[in-house]
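For reference, the structure is listed below as structure tokens.
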Protein chains: 2
Amino acid sequence: MLRLTTQRQAILDLINQSNRHWDADDVARALLDTGHSIGIATIYRGLAALEAQGLIESVQLGDKRHYERADKAHHDHMVCTRCGNIDEFAHPTIEALQRAAAAEKHFRLTGHQLVMFGLCARCDTQGGAT
Amino acid sequence: MLRLTTQRQAILDLINQSNRHWDADDVARALLDTGHSIGIATIYRGLAALEAQGLIESVQLGDKRHYERADKAHHDHMVCTRCGNIDEFAHPTIEALQRAAAAEKHFRLTGHQLVMFGLCARCDTQGGAT
DNA sequence: CTTGATAGTGATAATGATTATCATTCCTGA
DNA sequence: TCAGGAATGATAATCATTATCACTATCAAG
Ligand SMILES: [Mn+2]
Ligand SMILES: [Mn+2]
Ligand SMILES: [Zn+2]
Ligand SMILES: [Zn+2]
């Protein structure tokens, strides 16, 4: 049975009280900054345990796994390749077409991941060249 | 300037004469099996160099980068979580809707990656349970 | 044909995110 | 109170990929 320990509660609170996407290191830094003492291994285990319980969700972006609140409707992500910002979008029609594409190939779809890369509005406006 | 050395030619031939997706280790094993002697570092560099020239393309699947021929039209991937098989599909409407979703958020789209996970037709038919 | 500059190779060390170990501590239910 | 499972934290281990570095291949002069 999953124990909601002090450490796990701290991780969960941190994530639930925000609207962003956190990797393990983000969480570690934030908790240390707020006076918590928690080992990095515990953070990894805590994140995995919380996700297994459906209390948080995650996306694999590049080589890092990012965690976010689970109380949001399904959505996909747009990642700014300049500032790293992660925005979200939902598109029911795209989802439906995915199911159709899977069905057409007799593929039993269990999950998907759609990531769009590019420049967020802010980065696009500002720095064009290097 | 890019030199198409013996090693790089071997990598390129291997990939071009196949229809599958190769990670660095796949390439290493295949080349060793056919009598080639090539260091793993050279394979990584060769794959990167060939991709930079547009001679091959790659997809990041999980924690591994997979390379494939570049002479195919754009497509996305469906990965069987049981046997690891990677199938492909193209869906122009999904692509168009992605551009629309990006435009709506004033996001300058430069690339995307759509991966569907599930069971391929064969795995779905056969083993249901473990 | 010698150079010299530059690119490429291969063995191996280093990196960086994540997992595994393991001794220790915390909880919980009998 | 106590035994056993669950969790923690420090640290070692993994694993794909990169970086180093000494050495070799290529090529364009001179
Ligand atoms: Mn999100
Ligand atoms: Mn492909
Ligand atoms: Zn940005
Ligand atoms: Zn399969």
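Letters go in sequence order (proteins before strands), and every chain restarts at 1.
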field: Whole-Å gap separating C1' (C:dG8) and CD (B:Gln9)
entry: 15 Å
message: Is A:Gln7 close enough to C:dC26 that one of its side-chain N or O atoms is under 4.0 Å from OP1 or OP2 there?
response: no
query: Is the ring centre of A:His77 less than 6.0 Å from the ring centre of B:His112?
result: no
query: How close or far is atom P of C:dG10 from atom CD1 of B:Ile43, stated in whole angstroms?
result: 9 Å
field: Side-chain ion pair, B:Lys72 and B:Glu88, N-O less than 4.0 Å
entry: yes
message: Could you work out, with ring pair (Phe, Tyr, Trp, His ring centres under 6.0 Å) as the rule, every residue matching B:His91, not counting sequence neighbours?
response: none
message: Using a heavy-atom cut-off of 4.0 Å across all strands, would you classify B:Thr5 as base, sugar-phosphate, or nothing?
response: sugar-phosphate
Other cluster members, B:Leu114 - Ile/Leu/Val/Met/Phe/Trp/Tyr, side-chain contacts below 4.5 Å: A:Met78, A:Phe89, A:Ile94, A:Leu97, A:Phe107, A:Leu109, A:Leu114, A:Met116, B:Met78, B:Phe89, B:Ile94, B:Leu97, B:Phe107, B:Leu109, B:Met116
field: nucleotides 17-26 of chain D: protein proximity per nucleotide (B base, S sugar-phosphate only, - neither; heavy atom, under 4.0 Å)
entry: BBBB-----B
message: Going by the rule side chain to side chain donor-acceptor pair (under 3.5 Å), which residues pair with B:Asp33 if we only count those two or more places apart in sequence or in a different chain?
response: none
Donor-acceptor contacts, no H, no angles, side chain residues 1-9 of chain A, under 3.5 Å, sequence neighbours left out:
{"residue": "A:Thr5", "atom": "OG1", "partner": "A:Arg8", "partner atom": "N", "Å": "3.3"}
{"residue": "A:Arg8", "atom": "NH1", "partner": "A:Arg3", "partner atom": "O", "Å": "3.2"}
{"residue": "A:Gln9", "atom": "NE2", "partner": "A:Asp13", "partner atom": "OD1", "Å": "3.0"}

query: Do the side-chain N or O atoms of A:Thr42 get closer than 4.0 angstrom to the phosphate oxygens (OP1, OP2) of D:dG9?
result: yes
query: Can you tell me how far C1' of D:dG9 sits from CG of A:Leu47, to the nearest Å?
result: 16 Å
message: Which residues in residues 52-59 of chain A have a heavy atom closer than 4.0 Å to any atom of DNA chain C?
response: none
- request: Indicate whether any N or O donor in one side chain lies under 3.5 Å from an N or O acceptor in the other, for A:Glu68 and A:His75.
  value: yes
field: More than 12 heavy atoms of other groups within 6.0 Å of A:Arg69 CZ
entry: yes
task: Send over the distance from A:Leu2 CG to D:dT8 C1', rounded to a whole Å.
output: 14 Å
- request: Round to the nearest Å and state the distance from A:Leu4 atom CG to C:dT28 atom P.
  value: 11 Å
task: Return the value, rounded to whole Å, for the distance between atom CD1 of A:Ile11 and atom C1' of D:dA7.
output: 12 Å
- prompt: Do NZ/NE/NH1/NH2 and the carboxylate oxygens of B:Arg20 and B:Asp26 come within less than 4.0 Å?
  reply: yes
